[in-house]
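Just below is one structure, and these are the notes that go with it.
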Amino acid sequence: MIALARPGSLPWLVLHDVRVKARGREGRWGRIIAMLLLALLPIAGGAVMAWRVRGGADLPLAALGSVGAVLLGMMLVMVSSAYAHVLRLGRDRGELELLLTAPLPVARVVAARVAGVQAVVALPFLLLTAPFFLFSAAFGHVTWVAGPLVVMSVALVATALALTIATLLDRLLGPKLAKLVAQVAGVGLAAAVFALGQAPNFAPKWFDAQLTYFSQRPPAPLDWPAQAVFGQPLPLITVLGLALAASQCSAWLAASRMEAAPADPTAAPHVPRRGRAVRFGGSATAVLFGKELKLLGRDPELISQIGQQLVFMVPILALIFTDGQVTPARLAAAGVFLAGALSSSLAWLVLCAEDAPDLIAAAPLRPGVAIRAKLAAALTPPLLMVSVLALVVLPKSPVAVAVMLPMALVAGLASAAMQAWTQPPARRSAFRKRYRSSLLMAVGEFVLLGSLAGATRLILTGSWWTLAVLVVPALMLAGVWWFRPKPAE
Amino acid sequence: MHALIPALQIHGLAKAFDGFLAVNGLDLVVPAGQIYALLGPNGAGKTTTLRMVTGLARPDAGDISVFGVDALADPIAAKRLIAWLPDEPLLYDKLTPIEYLAFIAGLWNVPAADAEPRAEALLKRLTLWDKRDSRCEGFSRGMKQKLALAGALIHEPRLLILDEPLTGLDAAAARSVKDILLEQVAAGGTVILTTHILEVAERIAQRIGIIRAGKLVAEGSMAELSAGRAEGTTLEQLFLELAQEDVPA
């Protein structure tokens, strides 16, 4: 496809970006087929919805409030998504340097990068909404064909906003602190969106009240974006004009960002702090344990990603284990699950994402020393977390604590073993992507921890079913161990 | 008697990857107390050989002995004598130089009383003392390479193995590394290095081995290698000549 575009042109540069990104991924065809199958859902859904609203008014006044609220929500998610991409803009410079030294206008190179971000931000929403608007146009609401244009316009504005926020934060806080703030804010935003998604389960009355409030039609011109969706000329021209201005603003901000060449902020010189003197003379186990904890503690990006995963799990656990009632047995089960999940993340980091595996392998260590020290480092934070929960449960049920603590250790060891036996060596930066290549592994871990948590609850209720439930993790671990990839050397 | 034991003795070493024979029955003896340069074109099997010596790869066949210690039968004892410095420094970005050296000293079980002053001396010698409390993530390639060298020397290895040690170093840093290697040998140590900079090998190595297609095709001092050739033959000329010859089966 790239051969069809004129070399050096904007489409050629954009297609080049797409090709480079697509080639790094494993299972490309599987992913494409999955995406096509997923795309069928909005196509079918869009057709049904468009059929149901056919023959109505071209401008459904009663729906303007809801449409406006959806656009606002869409914008928030798009800003969050654009921000993640904007942070990398100008920092993944290896290939960018090549493009910038080529005899091409810098503005075009910048525009290609920005177009890439805008497309990535808009694409999921276009896939979801475009079928409805296009089918509606086919069924008689011709002006609704403006819908996808408005969605794209929202993406352009969201990208400009993300670039503005990134630039402001960089200037106010410096690139390193700005990145940290962005990551923490990203975790908070994602958790908030997720919690909001769970609101109908936890607080149905509050959710209904909010729905009613946001469904009301806002005063003009605040309802113009919604009107633009239905193809009203003046609002549509205004929205498109705003989008073009935002796009121009994005190009300008992106150019200044790339010009400033903020290389990876984590590579910025670390300001030394003279604190405790470094201790020499520790044993191999002690230095390995200390090293792992230091590396984990000094990586705010990883901590925020791990925290994000745990935040996502809390509502699910609450739904599964509390069932509207918080009892010591259910808390113990949730504690076991959380400890296992946290151990899994940390075990992956210390066992699979070792920065200098050859250094450890070349050291004169007895077999098992390194792995035991690393396991201890991976299990310490989860066990400390469970200990805090144990303090809460202890006054109500010492028995629950007595069962939870060893079961948490078992869950930690089991999930760490799964990681050690299945996951290939990787860089720490691949933490978030580690399950993308293996859905089976993600599901397997969920079943493993779920059965251990379930067993915890059953032990506390004195059920003989405990034994049956414990067979599941035992069989899973045995299977994983049997089929684990054997080392090449 | 002790000096007669070679620092490294390899016999019949072989290693294949997916049917490709990277090391093909290699025999090699490196005398103690010398700098030995192992040269060869890309893919000749240099790094694979050295990785097997350091215990990072398991040979398919052959024997490796480090100062008389059978490295395959007793790898821990052999590893105690060796330091390995690959072309990509083995560092942790989030550790400071002093923490890194304390970590390495712990792995090699160096007592604190020895490790601490040694770390200070090495960091001062390699002009990293002022950066001892800064994390490595902001270091240049040269600084990282120097710190990795300090890490390799903190446990005073009897056999220092370096793979392309001068890659990415500026002239001053390269000079400093070469001086340290010479000092290491003067203090009784042995150094094996691979390099593509033939002038370096010619200038500092007492013995040179040329490896091609996993086999040793020439070995000796510079004088021995150029014997029978025109006067003034350089190592580069020798290397290019040997690199084009057929490898004996």
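Just so it is clear, the values below take in all heavy atoms, side chains as well, and ignore hydrogens, waters and symmetry mates.
Chain A forms more heavy-atom pairs under 4.5 Å with one residue of B:A102, B:A113, B:G151 than with any other, namely B:A102. For the set A:P367, A:P364, A:G290, A:A356, the entry with the most heavy-atom pairs within less than 4.5 Å of chain B is A:P364. Contact tally against chain A (heavy-atom pairs below 4.5 Å) for B:T54, B:L95, B:L91: the top residue is B:L95. Of all the listed residues (A:E354, A:K294, A:K291), the one sharing the greatest number of non-hydrogen pairs under 4.5 Å with chain B is A:K291. When A:V369, A:T285, A:D299, A:L295 are compared by the number of non-hydrogen pairs under 4.5 Å with chain B, A:L295 comes out ahead.
Summarising the local packing, CG of B:N109 is surrounded by 12 or fewer heavy atoms from other residues, nucleotides or ligands at distances under 6.0 Å. The environment of CZ in A:R279 is sparse: at most 12 heavy-atom neighbours from other residues, nucleotides or ligands sit within 6.0 Å. Annotation for B:H11: atom NE2 does not count as buried by contact number, only 12 or fewer foreign heavy atoms lying within 6.0 Å. Environment of CD1 in A:I371: sparse, with no more than 12 heavy atoms of neighbouring residues, nucleotides or ligands closer than 6.0 Å.
With values rounded to the nearest 0.5 angstrom, B:L56 atom CG is found 9.5 Å from A:L359 atom CG. Within the model, atoms CG of A:D355 and NZ of B:K94 stand 10.0 Å from one another, a figure rounded to the nearest 0.5 Å. Atoms CZ and CG, on A:F280 and B:D114 in that order, are 11.5 Å from each other to the nearest 0.5 Å.
For residues 99-113 of chain B, the salt bridge (charged side-chain N to carboxylate O under 4.0 Å, His left out) pairs, not counting sequence neighbours, are A:R298-B:E99.
Only the side chain of B:I104 comes within less than 4.5 Å of a heavy atom in chain A; its backbone stays farther off. Heavy atoms closer than 4.5 Å to chain A are found in both the backbone and the side chain of B:A115.
Under the 3.5 Å distance criterion, the side-chain polar atoms of B:K79 are matched with a main-chain donor or acceptor of A:A361.
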